[in-house]
Novice: 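Submitted below is the structure of interest, expressed as structure tokens.
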Amino acid sequence: MRPTVKFLNNELIEKIISEARELLCVLGAEIHNDTILSMLADHGAKINCGKKHAFFTQDIIDKSLSTVPHSFKLYDVLGNETHHFHDYNVHFTPGSAAITILDYKTQKIAKPSTIDYVNYAKVINQLTNIASQSTALIPADVPENISDSYRLYLSLMLCEKPVVTGAFTIEAFAIMKELQIAVRGSEKALAEKPLAIFSCCPTSPLKWSDVTSQNVIDCARHSIPVEFISMPLSGFMAPVTLVGTLISHTAETLSGIVISQLSHPGTPVLYGGSPAIFDMRYETTPMGAIETMMIDCAYNEIGKYFGFPTQGYISLSDAKLLDAQAGCESSMGAMLAALAGINNISGPGMLDFESCQSLEKLVLDNEICGMVLRMIKGIESREDFPALPLFEELLKEKHLLIAKHTRKFLRTEHYFPGTVIDRANRARWESEGATTLWERAHQNVLRLLKQYTPSALPDSVKKDLTDLMQQEARRYGMNTLPEGCL
Amino acid sequence: MNILTQISENLQKGNDELVEALTQEAIAKNLPPKDILDHGLIAGMNIISDQFKAHEIFLPDVLLAAKAMYAGMNVLKPLLIKDKIPSRGKVVMGTVQGDLHDIGKNLVSIMLQGAGYEIIDLGNDVSPEQFIEAAKTENANIIGMSALLTTTMPVMKKVVALLKEQASAGAIKTVVGGAPVNREFAQEIGADAYGFDAANAVEIVNKLSGH
């Protein structure tokens with residue numbers, strides 16, 4: 001039996017949805033994009049052009065909800081299926097778009113450079129419990145206008161996993177789409193086998209900037225999957241109660257669904273988010289707060305109530321170093337998210353309020369994900385009945401270490417984490433250097449970097465990607481891509 | 001493929017029947033028993049030991065290999081004795097008096113056997129006198145003692161003290177292990193070595209035996 005967790009009953013879910021729909025119809029949403037306002041008007045929404053405000057109708061909400069796919073798949077750069085977003089399937093992906101990286105030697109944060117991104121891509125390519133890569137760092141050694149496309153370029157060149165990404169500008173979408181088409185061969189092939197998911201974030205409360213809303217419709221037009229990342233803050237930009245925050249999240253996410261589905265019905269979307277409580281003592285948005293995680297799991301239940309695949313920014317920490325808080329918050333989040341069946345769980349590697357990536361933490365989180373993935377397989381009977389013969393064997397042989405039953409089920413019943421998790425007895429641990437988790441994680445990072453083998457993407461495709469990226473860099477005054485980029 | 005390599009590889013796979021047959025075949029081909037032992041059986045076990053330490057394989061794989069080693073050794077043993085090739089060593093094993101927990105001791109015994117040692121297993125609840133007597137009678141060079149209870153640990157001290165009073169003092173080494181036992185305790189009671197797990201016990205016994 002697959003274990004699950006639930007925070008809401010259907011009655012409460014229906015009430016939350018009903019209130020959210022009313023917000024959209026009565027209060028409306030601010031949308032700074034004339035194309036979208038015009039499209040909404042064409043479908044019967046009342047528009048206040050001067051205030052860039054749209055008042056939704058129950059009809060357009062219903063119409064949009066009816067065309068959202070209830071599942072979709074993702075494929076790696078080589079075209080192999082890696083994800084099936086549906087039901088209670090869960091996949092992990094690293095936390096995305098960190099503006100800093102935690103340096104192992106100095107234990108201080110630094111702005112990421114190309115080499116950091118390259119190392120990240122090499123490591124994530126080999127972490128078996130994290131199904132996709134995200135464009136997890138924003139390289140600071142390229143012009144800002146290409147920092148989004150450049151990270152996608154590096155990801156596609158170095159790592160075979162599909163990508164969770166996003167565009168920072170309207171203009172960047174074009175090159176980011178072209179890079180994906182270069183991998184797949186054609187726009188049609190890309191639509192058939194999606195390679196990336198774009199994160200699109202409304203602003204709380206109920207606002208869409210020109211850039212993010214345009215990204216939604218650009219993705220829709222090219223059948224590129226989108227994950228909506230609504231970020232209400234309990235007590236600040238949303239009611240302090242968890243239910244009130246869920247109403248806010250639901251309204252914002254439904255507004256995204258309407259924009260996407262009216263632009264191109266059937267566009268795959270993930271019902272996602274990154275809400276948080278607001279810590280009134282520190283003026284921060286703790287992703288490691290238990291209430292933040294509860295909101296995540298609960299909106300995922302609302303998404304599932306609609307029948308849509310879901311996403312959540314959970315399984316990350318607000319700690320500044322790879323310490324006990326980092327492990328505690330990341331583990332709690334990963335476990336709750338998996339139990340709740342959040343289909344795309346974003347967070348591994350991330351520290352410090354979604355601002356800092358750590359390769360060492362990524363390695364640790366990969367083990368947390370492994371344990372959690374084992375947990376959700378649940379407890380199943382595996383040739384356990386009748387029990388008598390096995391216990392007779394035990395009494396006869398005095399142990400079951402080499403029993404057929406042991407050998408058959410050992411590696412599936414028990415998850416064996418890598419060396420970052422210490423399971424040696426104290427004497428062995430001491431004899432092996434009495435290492436800290438931080439040191440063992442770093443040793444693993446070094447090992448992964450050393451044993452990395454290049455992506456099997458054909459050289460001709462890699463050349464096309466590089467030509468496209470160089471052309472884009474030149475547009476923004478960068479004649480050659482940073483050294484060490486490959 | 002060289003027959004010794006075949007023995008080594010099949011031992012690593014835990015194929016005891018084939019290792020036994022190949023050892024017989026190697027003997028039939030007049031290969032020196034010492035070569036079969038060193039370059040076939042022990043060579044295979046050394047690889048297994050390295051893979052186990054690197055977490056590439058798990059305990060069941062080691063024990064299966066050990067079983068295969070044992071099967072080969074059974075065939076080889078009469079010839080090794082005939083050629084007066086000294087055995088790898090003889091170890092008296094037991095859980096100390098007052099203690100009935102023998103899981104750890106059994107695991108160490110299996111691993112040592114797999115490494116080519118002859119094991120005299122005295123079981124559990126073994127008195128100091130029984131350890132000494134068995135070591136002398138069997139001409140063993142090592143006594144391995146295990147305890148799970150802190151209350152039975154002092155028996156280890158008695159064995160070490162009693163051994164020092166013997167004429168053969170120094171010839172028989174002592175190794176201690178078990179959950180509450182640690183290196184400091186081993187030093188305190190004057191034991192020759194402490195093994196923190198079964199694989200480590202093999203390394204230590206190898207060292208004490210000069211292998």
Side-chain angles (χ1 to χ4, degrees), chain A residues 126-129 363-364 366-367 370-371 374 382-383 390-391 393-435 437 439-441 443-448 450-451, chain B residues 13-16 48 52-71 95 100-111 113-114 121 123-124 148 175-187 193-204 207:
Chain A
Q126 300 171 75
L127 297 180
T128 51
N129 300 311
V363 165
L364 167 66
N366 180 57
E367 298 303 349
M371 294 181 210
R374 166 63 190 95
R382 299 186 201 285
E383 297 178 19
L390 200 54
F391 281 82
E393 184 179 350
L394 171 57
L395 293 179
K396 183 174 166 233
E397 300 294 331
K398 301 208 167 46
H399 64 82
L400 290 174
L401 289 164
I402 54 174
K404 264 189 187 165
H405 188 263
T406 305
R407 284 180 280 141
K408 186 169 180 185
F409 296 113
L410 176 66
R411 288 174 189 260
T412 47
E413 279 290 279
H414 301 181
Y415 171 69
F416 290 93
T419 52
V420 68
I421 300 294
D422 167 40
R423 285 192 182 170
N425 61 33
R426 177 168 286 274
R428 180 168 177 179
W429 169 73
E430 284 171 352
S431 81
E432 290 175 355
T435 52
L437 179 137
E439 288 164 337
R440 292 193 300 279
Q443 286 163 5
N444 273 281
V445 168
L446 295 179
R447 177 181 56 81
L448 292 169
K450 197 175 166 193
Q451 72 184 34
Chain B
K13 288 176 193 161
N15 198 335
D16 54 346
I48 284 285
F52 183 60
K53 268 190 262 175
H55 303 275
E56 289 165 14
I57 58 168
F58 301 153
L59 204 49
D61 309 302
V62 180
L63 298 184
L64 283 171
K67 205 175 163 200
M69 167 90 181
Y70 193 64
T95 303
L100 301 177
H101 302 90
D102 60 0
I103 297 173
K105 180 265 298 171
N106 290 346
L107 195 55
V108 172
S109 298
I110 297 169
M111 296 282 272
Q113 212 162 36
D121 191 343
N124 53 45
L148 186 80
V175 182
V176 293
V181 180
N182 57 33
R183 189 167 285 116
E184 289 70 35
F185 173 77
Q187 281 166 358
Y194 157 71
F196 55 71
D197 61 22
N200 182 241
V202 174
E203 281 178 36
I204 279 166
K207 209 185 250 179

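What you see is a predicted model; the values in this text were computed from it and never measured.
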Novice: When heavy-atom pairs shorter than 4.5 Å are enumerated against chain A, which of B/I103, B/L64, B/L63, B/L107 gives the highest number?
Specialist: B/L64
Novice: Do we see a donor-acceptor contact under 3.5 Å between the side chains of A/R447 and A/N444?
Specialist: yes
Novice: Give a yes-or-no answer on whether the side chains of A/N366 and A/T128 include a donor-acceptor pair shorter than 3.5 Å.
Specialist: no
Novice: Quick check on B/Y194 against chain A: is it the side chain, the backbone, both or neither that has a heavy atom closer than 4.5 Å?
Specialist: side chain
Novice: With A/R382, which residues qualify under salt bridge (Lys or Arg N to Asp or Glu O under 4.0 Å), at least two apart?
Specialist: A/E413
Novice: Does the Lys NZ or Arg CZ of A/R374 fall within the cation-pi geometry relative to A/F416 - under 6.0 Å from the ring centre and within 45° of the axis?
Specialist: no
Novice: Identify which part of A/R426 has an atom lying under 4.5 Å from any heavy atom of chain B, answering side chain, backbone, both or neither.
Specialist: neither
Novice: Any donor-acceptor pair under 3.5 Å linking the side chain of A/R440 with the backbone of A/T435?
Specialist: yes
Novice: Tell me every residue that passes side-chain hydrogen bond (donor to acceptor under 3.5 Å, both in side chains) with B/S109, counting only those two or more places apart in sequence or in another chain.
Specialist: none
Novice: Identify which of B/N200, B/V62, B/N182, B/D197 forms the greatest number of heavy-atom pairs closer than 4.5 Å to chain A.
Specialist: B/D197
Novice: Look at A/R411, A/E432, A/R407 and state which one has the largest set of heavy-atom pairs under 4.5 Å with chain B.
Specialist: A/R411
Novice: Run the salt bridge (Lys or Arg N to Asp or Glu O under 4.0 Å) test against B/D102 and tell me which residues pass, sequence neighbours left out.
Specialist: none
Novice: Going by residue number, which parts of residues 394-405 of chain A are within reach of chain B, meaning a heavy-atom gap below 4.5 Å?
Specialist: A/H399, A/L401, A/I402
Novice: Do the side chain of A/Q126 and the main chain of A/L448 share a donor and acceptor less than 3.5 angstrom apart?
Specialist: yes
